[in-house]
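A short write-up of the structure that comes next.
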Amino acid sequence: MDMGKNFDHGEAERRIYEWWERSGFFRADPEKPGEPFVIVIPPPNVTGNLHMGHALDETLQDILIRYHRMRGDNTLWLPGTDHAGIATQNVVETALAAEGLTRQALGRAGFIERVWQWKEKYGSNIVRQLRRLGASCDFSRERFTMDEGLSRAVREVFVSLHEEGLIYRALHLINWCPRCLTALADLEVEHEERRGALYYLGYRFADGEGALTVATTRPETIFGDMAVAVHPEDERYRGHIGRRVLVPLINRPVPVIGDAYVDREFGTGVLKVTPAHDPNDFKLGQAHGLEAVRAIEEDGRLSPIAGRYAGQDRFEARRAMLPDLEAQGLLTRTEALNHAVGVCYRCRTVVEPSLSRQWFVRTASLAAEAARAVRDGRTAFVPKTWEKTYFAWLDNIRDWCISRQLWWGHQIPAWHCAECGGLTVTREDPAACAHCRSGRIERDPDVLDTWFSSALWPFSTLGWPDKTRDLARYYPTSVLVTGFDIIFFWVARMMMMGLHFQRRPPFGTVIIHALVKDAEGRKMSKSKGNVKDPLEIIDRYGADAFRFTLCALAGQGRDIRLSDERIAGYGRFVNKLWNASRLVLTNAGRARLGEAGPAGPADSLPDRWLASRLNRLTAQVRRHLDEFAYDHLAESLYHFVWDEFCDWYLELVKPVLHGPDEAAAEAARGRMLAALSVILRLLHPVMPFVTEELWSKIPGAAGPLMLAPFPAADEAGLDAEAEAGIGFLMDVTRAVRSVRADFRVPPASLLTPVILAGDQALTRVLAEYSPLVLKLTGSAAFEAAGPGQVKPREASLTAFPWGEVWVPLAGHIDMAEEARRLEKEAAGLARDLEAARAKLANPEYLGKAPEDIVEDMRRREADLAARRGAVERSLALLKGML
RNA sequence: AGGCGUGUAGCUCAGGGGGAGAGCACUACCUUGACACGGUAGGGGUCAAGAGUUCAAAUCUCUUCACGCCUACCA
């Protein structure tokens, strides 16, 4: 067997992946039998690069996909990318700026052409990078949200919803980004706590002396003030309702109105009303018949009504106004105030609430159905706690603003008529107005929110609106794996659209994972310089170590703190597996997989033990995968391979392999290969590369590991006798080793332990495996003694539930020290024994505790008593000698 | 302002009514023929605090403290 000491992941990963893909192992075939298991990838931004969030997401998906593929399910993992409207447009605009160009200079068609070029150039980056992770996507089905097919789906959905009255156009107060020059949905506004100030401004009465003082954080909006409002029952101001006050600086008279919305406690209890720039003021304005006049234009500059401040940027104007107000005695006070401001989620510019005519989705009925599907269990979140978050949003949802004043995206299929003003919304581009037949129609320039097309992803990617074989076979999908940050943006909206257009929810299970943070728990960001590149990690540690780390850290519902130490640790695990396999393979002799015949009671005790343990492991691994318990999955595999397989099993078989009994060695070789094949198959979904490489070296292993059947657990495979026998040998071994370490007996000095096993079966094990016991414990000889036999003098005792181990230590042991040690141990045992006896003496305990618990406690009491007895007898012996 | 979540070993976290666990780090010893990316043996915790429920609480309930995150139109 030609194997180096280390797995060369760099070379092997590329070679193996290329082989898998070239062989078509990732491709789904709807005509094949098998339960469908389907995942659609959360489409990354087309111009993006693979970051840690993707790496986690794709790894968790690939683990499930590989598991189900090995189980024989009809498995599809559909990859693709998102056009990411604002984000991509911004990126390309920035690139243009470097050339001294603007999108306006290029014109709409020219600009869109440039974005497509950009997409062709960089769009495949992220898909290529997926391959480095080992992602087994069906790339023959790769989709893009602006594909011809997906665009048709978008259009069909838009027109249908419009026909049903679920899409409408209206003048509303929306969130406007003055930098991106587009409307944003409520979700696309993030709230940041910022230090600001509360300015107290005097509004003089138009008809006499005195003034009302208004507290505001945004003095620059006063030019849009249409009223000043007070609470109708506020004694201080009630009498002024109906009078008029003058807007500072421009002295435009506005009425004082009364409305219970006003909070008497805040500021002065007087509120300025700016219907065009504040959602609440807009409502107030509607209620009181006030006009809404924009004080701030789309680009964030003040409008002509701002007098001499017109044309200034909003924040610049604020700074300029303050001294002027002060000079006129109208700025009476300034207080520091921390308050939340809304910023654009793409460029972090402070958004301007603005009155604007936009397109909306009427969400009430769609959201109700989306919530119902989770409430009645058609779709379940894992972990379940995220369902609360999901409901909280859907139950309080507002209409969704879907129009964006961008160029990159799906242009809205609506035509405005210059003759009658009517709207024509159709599946095919119209030649004339649907209302007046005029040919003077013009297409609405707006595009749709990126998330509108993302919402259709689970069925648009399968060919809808056509009735395709894929759609019939693979919708609804099985699971969705994503981060909690896009539950509202994406998950909820897919639920709404999937239910509305396919009548069934788009997935059965939504797996929500945590977000990847750095080792200190900080969000990774370029500005902090703590971003880790997944590709660099893969280069350094290998995809398997990286994937195993992500799997182990994917504990449900918290931050994932990724540190190099952790990844390096799992790199050592890969190395351990490699070397353990090397031992097995280099000692396989002429054995071939599958030729050893069925395992059974004729096998050696270690082989029976390993088979039994592997059976338990298999059951665990399947359960963890079925329950999406990734962290437990990783832990089970790690401990089995390292602690049970390497530290015990391989040490137990080594003497057999090198021993004189050739028949026994031959049998062990077969069993060893079989066990390795099971381990590799169980590990494969998490660590596909190293396992595939090792599999290829197993004599008799046929075909790719990634298509080999996943092991099944079998109750009948459990072997209690073997587990008890090996457990006993472990106890003996550990006891002797511990004594040796405690008394600093040099490794070269052989010991002569005395082992008292009460159980006959264990005594037989001891006899049968005596050479093994000698080797494991570093002994020259040992004596198997019966109960009541004379104990050796100058020895250290370890008491077990099943008996005692005595290690004679003449010359090494300080008897007084040993006596002190035993006294301490006896005291500990006595304390535990007393606690156990107290419980068993308590009638309430006996009456109320379940029978099996009480039974355990009785056994515990007996064990403790026996062990304490042994320790005390030993103590008496020692004291007699002192 | 509401909602969700988290406080367990030095660090990162698992456990979740019935004997406190893992990885890393730490200590001692070991170049044993798969691996020193290794082996063996160890040290280390009032399970945030208080009260309650229970035969039994790290685990359930309440309160307090601390720290996250999400949602939100109080100027």
Side-chain angles (χ1 to χ4, degrees), chain A residues 3 5-7 173 186-187 191 198-199 214-218 221 229 261-263 265-274 278-284 337 339-340 342 353 385-386 388-389 392-393 396 398 484-485 487-488 515 519 521 545 552-553 555 557-563 565-566 568-587 629 631-632 634-635 638-639 642-643 646-647 650-651 654 658 733-734 737-742 744-748 775 778 832 835-836 839 842-850 852-854 856-857 860 864:
Chain A
M3 285 177 78
K5 272 170 116 169
N6 301 296
F7 173 53
L173 208 87
D186 296 326
L187 267 185
H191 297 271
L198 194 56
Y199 303 97
V214 168
T216 180
T217 53
R218 303 204 55 199
T221 63
Y261 166 75
V262 178
D263 178 357
E265 308 298 318
F266 189 91
T268 58
V270 187
L271 173 70
K272 69 189 214 49
V273 183
T274 320
D278 183 280
N280 296 309
D281 293 9
F282 181 68
K283 277 181 216 150
L284 273 178
L337 178 78
H339 62 131
T385 179
W386 289 109
K388 286 180 206 157
T389 306
W393 189 69
N396 299 290
R398 286 181 293 166
F484 60 77
D485 51 333
I487 290 177
F488 308 143
L515 267 27
L553 293 178
R558 64 167 60 222
D559 294 347
I560 292 177
R561 297 189 179 202
L562 195 65
S563 67
E565 293 75 39
R566 195 78 189 244
Y570 290 118
R572 286 196 289 276
F573 178 63
V574 173
N575 184 257
K576 188 76 179 174
L577 175 71
W578 179 260
N579 281 290
S581 303
R582 201 154 72 103
L583 172 67
V584 172
L585 294 168
T586 52
N587 284 286
D631 48 347
H632 294 133
E635 198 187 314
Y638 183 96
H639 281 122
W642 205 304
D643 300 344
C646 294
D647 287 352
L650 292 179
E651 294 308 321
K654 272 181 193 173
H658 302 130
T733 304
R734 280 193 278 247
R737 285 174 177 171
S738 181
V739 168
R740 180 190 289 279
D742 283 353
R744 305 189 179 280
V745 181
K775 181 171 190 296
D832 292 349
K839 279 200 165 185
N842 181 348
E844 289 214 81
Y845 173 77
L846 293 173
K848 292 184 180 171
D852 55 327
I853 295 291
V854 175
D856 279 353
M857 191 53 68
R860 178 170 155 75
L864 286 167

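Side-chain atoms are counted along with the backbone in the values below, which use heavy atoms only and exclude waters and symmetry mates. Proteins come first, then strands; the chains are lettered A, B, ... in the order of their sequence lines, and each starts at number 1. Bear in mind that the values here come from a model prediction, so they are computed numbers and not experimental data.
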- Hey, is the main chain of A:K5 close enough, under 3.5 Å, to the side chain of A:N579 for a donor-acceptor pair?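 At least one qualifying donor-acceptor pair exists.
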[X] side-chain N/O to [N] phosphate OP1/OP2 under 4.0 Å:
X	N	value
A:K576	B:G39	yes
A:R572	B:G38	yes
A:R860	B:G19	no

- Task: Classify every nucleotide of nucleotides 67-75 of chain B by which part a protein heavy atom approaches to under 4.0 Å, writing B for the base, S for the sugar-phosphate alone and - for neither, in 5'-to-3' order.
- Result: ----S-BBB
In whole Å, what separates the [atom1] atom of [N] from that of [M]?
N	M	atom1	value
B:G5	B:G45	P	32 Å
B:U53	B:U61	P	15 Å
B:C69	B:C55	P	42 Å
B:U63	B:C4	P	12 Å
B:G15	B:C60	P	12 Å
B:G7	B:C29	P	38 Å
B:G21	B:G16	C1'	13 Å
B:C13	B:A58	C1'	15 Å

I need the minimum non-hydrogen distance between [X] and [Y], along with the two atoms involved.
X	Y	result
A:G342	A:H191	CA-ND1, 4.3 Å
A:R561	A:A519	CD-O, 3.7 Å
A:L585	A:M3	CD1-SD, 3.7 Å
A:Y570	A:A552	OH-CB, 3.4 Å
A:E651	A:D647	CG-O, 3.3 Å

- Would you please enumerate the stems RNA chain B participates in, each stem being three or more consecutive Watson-Crick or G-U wobble pairs with both distances under 3.5 Å?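 Stem segments, range with range: B:1-7 with B:65-71, B:10-13 with B:21-24, B:26-30 with B:38-42, B:48-52 with B:60-64.
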Listed pairs, N/O of protein and of nucleotides 21-23 of chain B, under 3.5 Å:
unit_1 : atom_1 : unit_2 : atom_2 : d
B:A22  : O3'    : A:H639 : NE2    : 3.4
B:A22  : O2'    : A:H639 : NE2    : 3.3

- Could one point to a donor on the side chain of A:N6 or the base of B:C35 with an acceptor on the other under 3.5 Å away?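 A donor-acceptor contact between them is absent.
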- Query: Considering only heavy atoms and no angle criterion, is a donor-acceptor pair shorter than 3.5 Å present between the side chain of A:K654 and the base of B:A34?
  - Reply: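 Counting by modelled atom types and ignoring angles, a donor-acceptor contact under 3.5 Å is found here.
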From [X] [atom1] over to [Y] [atom2], what is the distance, rounded to the nearest 0.5 angstrom?
X	Y	atom1	atom2	value
A:D485	A:L515	CG	CG	4.5 Å
A:D278	A:T216	CG	OG1	9.0 Å
A:L577	A:W642	CG	CH2	10.5 Å
A:D281	A:T221	CG	OG1	8.0 Å

- Query: Taking only residues two or more places apart in sequence or in another chain, which ones pass side-chain contact (heavy atoms from CB on, under 4.5 Å) with A:T733?
  - Reply: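 Partners of A:T733 by the side-chain contact (heavy atoms from CB on, under 4.5 Å) criterion, ordered by chain and then number, come out as A:W648, A:R737, A:L776, A:T777.
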- Message: Which residues pass the side-chain contact (heavy atoms from CB on, under 4.5 Å) test with A:N6, not counting sequence neighbours?
- Response: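 For A:N6 the side-chain contact (heavy atoms from CB on, under 4.5 Å) partners, ignoring immediate neighbours, are A:N575.
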Measure all distances between protein nitrogen or oxygen atoms and nitrogen or oxygen atoms of nucleotides 56-58 of chain B, and list the pairs falling under 3.5 Å.
none

Could you list the residues that satisfy salt bridge (Lys or Arg N to Asp or Glu O under 4.0 Å) with [X], not counting sequence neighbours?
X	answer
A:R398	A:D186
A:D856	A:R859
A:E265	none
A:E565	none

Give me, pair by pair, the N or O atoms of the protein and of nucleotides 41-44 of chain B that are less than 3.5 Å apart, along with how far apart they are.
unit_1 : atom_1 : unit_2 : atom_2 : d
B:A41  : O3'    : A:S738 : OG     : 3.3
B:G42  : OP1    : A:S738 : OG     : 2.7

Value in whole Å for how far the [atom2] atom of [N] lies from [atom1] of [X]:
X	N	atom1	atom2	result
A:R582	B:G38	CZ	P	14 Å
A:L583	B:G38	CG	P	16 Å
A:K5	B:C37	NZ	P	9 Å
A:K388	B:G2	NZ	C1'	15 Å
A:L562	B:U12	CG	P	14 Å
A:R561	B:C24	CZ	P	19 Å
A:L553	B:U12	CG	P	13 Å
A:F573	B:G38	CZ	C1'	15 Å

- Item | Parallel, tilted or perpendicular: rings of A:W386 and A:F484 (30°, 60°) |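 A:F484 vs A:W386 ring planes: parallel.
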- Query: Any side-chain heavy atom of A:K654 sitting closer than 4.5 Å to one from A:N587?
  - Reply: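 Answer no - side chains too far apart.
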- Nearest to the side chain of A:N842 - B:C30, B:G39, B:C55?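 When the side chain of A:N842 is considered, B:C55 is the closest of B:C30, B:G39, B:C55.
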Counting the atoms with a prime plus P, OP1 and OP2 as sugar-phosphate, which does [X] contact under 4.0 Å by heavy atoms, base, sugar-phosphate, or nothing?
X	value
A:T385	sugar-phosphate
A:H632	sugar-phosphate
A:P843	nothing

- Item | Pairwise 5' ranking along RNA chain B for A:E565 and A:H658, keeping only the more 5' one |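 Nearer the 5' end of the strand: A:E565.
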- What residues form a side chain to side chain donor-acceptor pair (under 3.5 Å) with A:N842, not counting sequence neighbours?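 Partners of A:N842 under the side chain to side chain donor-acceptor pair (under 3.5 Å) test: none.
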